[in-house]
Amino acid sequence: MAIQFVEKAKSTIGLAKKYWHEPPKGNYISYKEIASLSGAGFGVYWATLLPMVIGLNASNFLVGACIGLKPVDLQIMLNIANIIGIPLGIFRSWYYDNHNLKGGKFLPFIQMSVVPMVLISTIFVWLPYESFSYITKAVVVEIMYLLLSVFLCFYNEGYMYFQQIITPDAQERTNVMSISQVIYSLAPTITNLFIPLIAGLTWGLNNIWTYRVVYPIFTVIGMFISLFFFSKVKERLVLPKKKLEPVRMFDAIREVAKNKYYWIIQSANWVGFLESGYGVILGWSFVFAFGGKYEATLGLANTVIGNAALWSMLSAPFVIKKIGKRNLLILANGINVFVILSLYFVYDNLILICVIWYINTFVNTFWNIVQHNISADMRDYHQWKTGVRVDGLFGPLGMIGTFIGFFTGMFYPAVYERMGLLDDYNVLYDDNMRNNLFEVLIVFSALGAFLNLVPFFFYNLTENKHKAYVDVLKIRAMFENYSMGVLEDDELKDVMGIILQAKELYGKEKLPFDKSELKNARRMSKKSEEEKTLRKQAIKNAKKKLAEIKETNLAIERASIIMQDLEKFTTEAGIKRVLNAKMDFANGKAFVYDDAKNQLKIAKKLPKSTKLEKEIRSDEIKRARVKKEALSLIKRNGLENITEPDVSEKEAILSRETKSFIDSLKQQKELKAYLKKESIYLRATKPYREADNLIKQSENYTHYEELVERYSKL
């Protein structure tokens with residue numbers, strides 16, 4: 001056993017050395033960058049440690065128990081902050097997709113926001129709340145929270161979005177995030193152990209001096225770690241090598257609203273408030289139950305419980321590969337419903353609470369890993385579906401959840417006050433009062449956990465579909481890069497490999513997945529060492545054969561999606577689409593679509609009994625709707641007022657160097673005015689432009705034979 005361990009360790013070290021600077025074949029990320037990403041995650045956790053404990057909710061120790069604000073008042077303050085945060089959130093989402101900052105799409109925001117975030121949170125806890133009146137405390141907390149939120153949101157969202165574009169490969173992204181989370185999980189392990197321990201031996205978690213002295217130490221260290229490691233990682237997006245055009249917010253929102261997977265994910269988030277209620281039980285049990293004598297051991301409990309996340313992180317890539325992200329979410333959430341319900345019967349026993357919390361942490365960690373991956377998959381799907389890459393501008397539609405939160409957020413504060421918890425948290429030392437509150441929280445949380453899993457029964461974006469969509473994006477980028485004369489040989493090799501495999505497998509029947517050979521191998525005799533060796537090799541061969549069959553079947557599925565895109569201009573529907581595009585293009589940019597409404601009525605009456613008829617009908621309806629929108633804009637603005645903006649004006653704005661964040665804001669203000677004028681023009685001429693784009697894309701696809709010839713010479 002010891003020899004095997006040593007050999008395994010040597011093999012791991014050898015792999016690390018081999019792929020430290022260059023990633024393994026077929027991957028995008030080197031081991032060095034994985035290590036840097038892990039360090040960055042460690043820094044993020046510590047840098048946000050103090051900012052994240054500053055919250056406007058009744059279960060918050062700092063603003064509730066320490067500063068002494070009432071639950072319902074805190075929720076009202078949170079609603080005010082959310083209302084003010086709506087335009088800020090919309091701007092933030094738009095700015096991600098339209099900024100001109102150096103360093104990437106999201107990394108600049110991570111690097112610029114961490115210092116003010118740490119500084120403001122430190123000032124927040126050192127304000128003299130002891131000498132403030134109640135209303136003064138509420139006003140000061142509100143203002144400081146709003147100021148902190150500006151930078152905290154940029155930092156957290158930037159990090160979240162960055163993780164989704166570290167690699168375009170979904171399985172590699174899962175593996176990398178799992179490995180990095182295992183490593184940087186050391187950060188919460190340290191803080192969960194030592195902060196409650198130090199607090200228990202000094203001031204306590206319900207005393208503001210813990211937040212003034214202990215938390216800032218970790219947060220400042222985390223800030224420096226974050227800045228160091230984020231300078232050593234990079235983003236990766238599958239895009240043509242042309243300069244990205246600015247995206248106008250409302251134009252992007254129109255497209256985002258059509259993304260079905262976005263609504264599935266959001267609907268699950270909207271009911272998440274209900275599941276969160278039980279979250280206070282662990283901390284309150286240690287701090288207030290048994291007279292508070294076990295408060296100092298909360299750190300030890302957190303450390304042991306935190307270990308559960310390690311096993312989830314290690315197993316997540318294998319589980320996802322085995323059953324898929326969607327099935328993992330449903331399974332984990334289903335288990336969580338029963339775990340939360342079981343808490344109802346043992347909430348007065350600290351040891352059993354910890355056992356249940358351990359299971360709960362194990363299950364919930366899967367969601368923490370999967371949520372970033374499904375969000376990234378959803379964005380790639382959107383790019384495949386619409387041809388436009390949108391990341392930050394998914395945010396504004398999420399404001400619907402903010403409005404919903406105005407009402408749902410009042411639920412638990414109202415429950416707290418109804419059960420007797422106001423501004424004096426010492427009432428939680430009363431066993432009857434605390435236990436009654438726990439029972440109510442558990443029941444509602446279990447209901448919330450059940451509602452949270454329901455939307456994912458409708459989520460059908462499998463890992464294999466996603467891989468096919470990314471392959472299609474690579475193919476489209478290859479054709480476009482070739483038309484611009486910027487196609488590189490490595491890109492051509494990669495994409496032609498995808499196309500040739502798809503051509504070979506397209507239309508083939510899936511291979512039978514017969515496990516009889518594996519079953520027979522497992523039944524083989526293992527009495528002697530020779531028989532054991534033969535049995536082991538037979539099992540290995542059978543498993544390898546099944547794995548190859550599975551991969552071939554998955555490739556056959558992908559081939560269908562890939563070839564449909566490659567041949568989309570040669571089918572009957574595709575030919576008709578191009579002919580219609582040429583007619584719309586011939587009308588010119590200034591054409592008025594007076595007959596658009598009638599065309600839409602005719603399109604809706606087209607037959608839809610066959611797949612071809614449905615496709616043609618769908619194309620005609622979409623084409624008529626685009627014309628109808630153009631007609632509406634022309635009538636509303638007047639044809640004479642819809643003129644093509646001067647592109648040189650936009651180029652001048654975009655090319656101007658921005659030396660500071662303020663300069664960048666001024667630049668974006670000018671760009672916004674230009675983009676509004678441009679948006680009206682583009683939407684009014686959309687039928688012409690879409691026709692032009694379709695014609696060009698169909699022409700790009702005619703260069704396939706030229707690409708094959710170039711590929712054969714490599």
Next on the checklist: One pair to check against side-chain contact (heavy atoms from CB on, under 4.5 Å): Phe124 and Leu147. What are the steps and the verdict?
Outcome noted: CA-CA 10 Å; Phe124 184 104; Leu147 190 58; over 6 Å; no
Checklist entry - Sub-3.5 Å donor-acceptor pair from the side chain of Asn452 to the main-chain atoms of Ala268, do we have one? => result yes
Next on the checklist: Go through it in stages, so that I can follow the logic: the residues are Asp489 and Tyr711, the test is side chain to side chain donor-acceptor pair (under 3.5 Å), and I'd like the CA-CA distance, side-chain angles, deciding distance and then a yes or no.
Outcome noted: CA-CA 8 Å; Asp489 288 344; Tyr711 174 72; over 6 Å; no
Checklist entry - Between OH of Tyr215 and CG of Leu62, what distance do you get to the nearest 0.5 Å? => result 9.0 Å
Show which side-chain atoms of residues 224-231 pair as donor or acceptor with protein atoms under 3.5 Å away, not counting sequence neighbours.
unit_1, atom_1, unit_2, atom_2, d
Ser226, OG, Tyr155, OH, 2.7
Ser231, OG, Phe228, O, 2.5

Next on the checklist: Taking Asp490's backbone N and O only, do any of them form a donor-acceptor pair with Asp494's side chain (distance below 3.5 Å, no angle check)?
Outcome noted: no
Item to check | SB check Asp377 Lys325 (cutoff 4.0 Å) | outcome: yes
Checklist entry - Is a donor on one side and an acceptor on the other found under 3.5 Å between the side chain of Thr48 and the backbone of Pro51? => result no
Checklist entry - If only atom types and distance count, is the side chain of Trp357 paired as donor or acceptor with the main-chain N or O of Ile305 below 3.5 Å? => result no
Next on the checklist: Can you classify the ring geometry of Tyr381 versus Tyr469 as parallel (below 30°), tilted (30 to 60°) or perpendicular (above 60°)?
Outcome noted: tilted
Next on the checklist: Rounded at 0.5 Å granularity, tell me how far CH2 in Trp311 sits from OH in Tyr358.
Outcome noted: 7.0 Å
Checklist entry - Between Trp20 and Tyr31, is a ring pair (Phe, Tyr, Trp, His ring centres under 6.0 Å) present by the stated rule, with each step listed? => result CA-CA 5 Å; Trp20 185 250; Tyr31 284 21; 7.7 Å; no
Checklist entry - Are more than 12 heavy atoms from other residues, nucleotides or ligands located less than 6.0 Å from atom CE of Met52? => result no
Checklist entry - Can you name the residues that form a side chain to side chain donor-acceptor pair (under 3.5 Å) with Tyr482, not counting sequence neighbours? => result Glu706
